[in-house]
Amino acid sequence: MADSNIDYTVKLGLLAEYATPAELMQAAEKFREAGYRRWDVYSPFPIHGMDDAMGLGNSKVGWFTFCCGASGYTLGMIMIWWMNAHDYAIGVGGKPLFSPIFSFPVAYECTILLGAFGSLGGMFILNKLPRHYNPLFKVERFSRATHDGFFLFVETSDPKYSDIETRKLLESTGTRQIEEVRD
Amino acid sequence: MDSHSHPAPTADVATVAARWSKKAVVVAGVGAVLAVVGGLSAAKDGGFGKQFGFSYLQAFMFFLSLCLGGLFLTVVHHLFDAAWSVPVRRLNEHLACLAPVMFVLFIPILILAKQIYPWMQIADPASDAALHAKSPLFTPGGWYGVSILLFVLWTFVSFQLRRNSLNQDKDGAAIHTQNMRVHAAYGIFIFALGLTFAAILWMKGLEHQWFSTMYGVYYFAGSVWTTLATLYVISLALKKAGPLALVMQRNQFHDIAKLFYAFTVFYAYIHFSQYFIIWNGGMPEETFYYVQREQGSWWGIGMLIVFGHFLIPFLAFARIDAKLNIAVAIPVCVWAWMMHYCDMSFNVMPILRPKGFELTITDLGCWLFIGGVVAIAWLRSLASHPVYPLKDPRLGEALGIHFHDEGDAGHAPAKASK
């Protein structure tokens with residue numbers, strides 16, 4: 001009987017809601033300046049300047065694109081050489097069996113193909129997708145992040161997190177409402 | 001952006017321009033002396049006209065790239081209703097308005113044309129199948145007539161665009177933007193057809209037997225590429241010197257560099273396609289052009305264009321931070337000038353010097369002279385007008401001012417720059 005009163009959930013963080021993108025951006029600047037690391041913002045549309053406000057660096061997706069693109073080019077060239085000049089040599093119009101000139105368009109297409117796969121895959125890996133469940137989905141107000149709500153979520157796992165100080169900082173940003181998120 | 005937030009920086013651009021102009025006068029003077037001395041000393045080899053004419057044509061095509069590149073960037077700015085390029089648009093307008101100066105600089109080529117272009121020496125055009133097929137464009141009348149007409153049209157479009165832009169500085173009315181759009185709409189055709197005719201008549205005409213449908217777009221790709229590198233450097237210099245300090249943000253440099261990067265790939269795509277089609281076709285009436293350009297050190301210049309014009313800038317500028325890092329960007333822009341010079345040389349000089357690439361005193365002199373004159377003319381325009389479009393309706397947007405509420409006014413530019 002008494003067991004039903006025990007709270008098995010864990011406190012994950014604080015979710016603050018803002019009325020406008022400008023307020024959210026100012027809040028993000030405060031969190032960046034305060035040195036918080038494990039926090040994120042949610043808005044219905046991309047906000048110009050938010051990356052700088054949050055202090056986010058350059059995305060690392062480019063490295064996936066570059067490495068996959070370079071592999072695509074190399075593999076494309078090897079494939080053409082292997083098929084046309086090595087495994088089943090075909091002479092066409094007196095041209096050399098292999099030349100980087102005629103191979104280039106196809107190798108280039110392979111660069112783009114694998115580069116695109118790299119971009120997509122890299123984005124999934126870096127964002128830890130696919131992810132079917134997020135504790136924020138249980139917060140009813142949070143569904144407005146896809147409509148007209150602007151949110152900042154700071155995790156308790158952040159090294160700087162403290163129940164009192166973090167709440168104070170959130171309050172100083174002019175938020176509409178602060179909510180505890182549990183899971 | 002309200003016009004009262006900072007004063008019109010015209011006064012202080014005049015001092016900057018005057019300082020740079022003094023250097024340009026020296027460059028032009030030294031260039032003129034070198035060109036004449038070099039031309040005379042090489043005159044025993046086919047005559048002064050031929051030696052000087054080729055060097056001059058090579059330098060002229062190099063700097064014509066900047067004039068036409070400026071026209072292109074101005075025109076596409078209006079066609080796409082762009083916001084980001086408002087702070088640099090005046091610089092482009094001045095480049096485009098070099099057209100009448102380019103005409104004056106073209107006069108030596110008009111005079112020496114008979115010595116430069118082998119087809120003009122053919123007595124009976126009907127005896128040469130290639131020449132006959134290209135009549136009436138490749139007749140003296142066609143050549144001189146179209147050449148002069150091109151400058152008239154470029155001058156007309158570029159001055160219309162700048163006149164409207166300057167009028168907007170006074171009242172900020174949207175009607176000027178709409179007028180500029182009209183001039184841009186037909187201007188893109190004048191630009192595209194004009195540039196193609198220029199490349200064919202003045203550069204490809206050196207080998208009138210040859211044909212390539214990609215030749216115009218090839219010169220276009222290289223020209224806009226070089227112009228963007230130039231724009232990066234001069235807008236950076238004007239930011240450091242003061243006149244553009246307030247309006248040239250991180251975004252503008254990033255966007256110029258992105259466009260430069262796109263044209264790096266575009267140029268490679270175009271030049272490769274031209275080569276690829278001719279290589280695959282394997283027809284002697286086309287291949288002779290590239291066979292000639294594999295003789296002696298021209299082969300090395302060809303390789304330099306493959307790797308230096310494409311691969312080096314491509315890898316150097318791949319990252320965002322590289323595009324914004326002066327220590328990378330300035331060398332890349334200087335490199336772009338060198339590559340464009342090699343490219344022009346690759347097109348013009350194999351006819352005069354079939355054995356290989358050379359850099360003579362005449363080449364250098366002509367290049368310095370035309371560069372100096374172009375710089376003087378451009379700086380004079382720069383000094384006499386506001387250095388950016390003061391009241392363009394899109395200026396605020398260009399500066400990253402997206403929110404109009406009190407709390408966020410002027411947010412992005414201030415933060416982004418630190």
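Each chain gets a letter, A, B and so on, in the order the sequences are listed, and its residues count up from 1. Scope of the values below: all heavy atoms of this structure, side chains included, with no hydrogens, waters or symmetry mates.
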Task: Gap separating the CG atom of A:Asn58 from the CG atom of B:Leu324, nearest 0.5 angstrom - done: 9.5 Å

- [ ] Can you establish whether the number of heavy atoms outside B:Tyr215 located under 6.0 Å from its atom OH is more than 12?
- [x] yes

Open item on the list: Within the supplied structure, the quantity of interest is the number of heavy atoms (other residues, nucleotides, ligands) at a distance under 6.0 Å from B:Lys240 NZ; does it exceed 12?
Closed with: no

- [ ] Answer yes or no: does atom CD of A:Glu140 have more than 12 heavy-atom neighbours from other residues, nucleotides or ligands under 6.0 Å?
- [x] no

Task: Enclosure of A:Ile90 CD1 (heavy-atom neighbours >12, cutoff 6.0 Å) - done: yes

- [ ] Answer yes or no: does atom CZ of A:Phe66 have more than 12 heavy-atom neighbours from other residues, nucleotides or ligands under 6.0 Å?
- [x] no

Open item on the list: Taking the six-membered ring for Trp, are A:Phe104 and B:Phe276 closer than 6.0 Å centroid to centroid?
Closed with: no

- [ ] Could you tell me which portion of B:Leu315 (side chain, backbone, both or neither) has an atom closer than 4.5 angstrom to a non-hydrogen atom of chain A?
- [x] side chain

Task: Stepwise side chain to side chain contact (heavy atoms under 4.5 Å, CB included) check, B:Asn251 with A:His48 - done: CA-CA 12 Å; B:Asn251 260 359; A:His48 285 288; over 6 Å; no

Open item on the list: Tell me the closest heavy-atom pair linking A:Asp52 and B:Arg250, and the distance in Å.
Closed with: OD2-NH1, 4.3 Å

- [ ] Check whether any side-chain heavy atom of A:Trp63 sits under 4.5 Å from a side-chain heavy atom of B:Arg319, and report yes or no.
- [x] yes

Task: Exceeds 12 heavy-atom contacts within 6.0 angstrom, atom CZ of A:Phe102 - done: yes

- [ ] With a 4.5 Å cut-off on heavy-atom pairs, point out which of B:Trp279, B:Phe272, B:Tyr275 contacts chain A the most.
- [x] B:Trp279

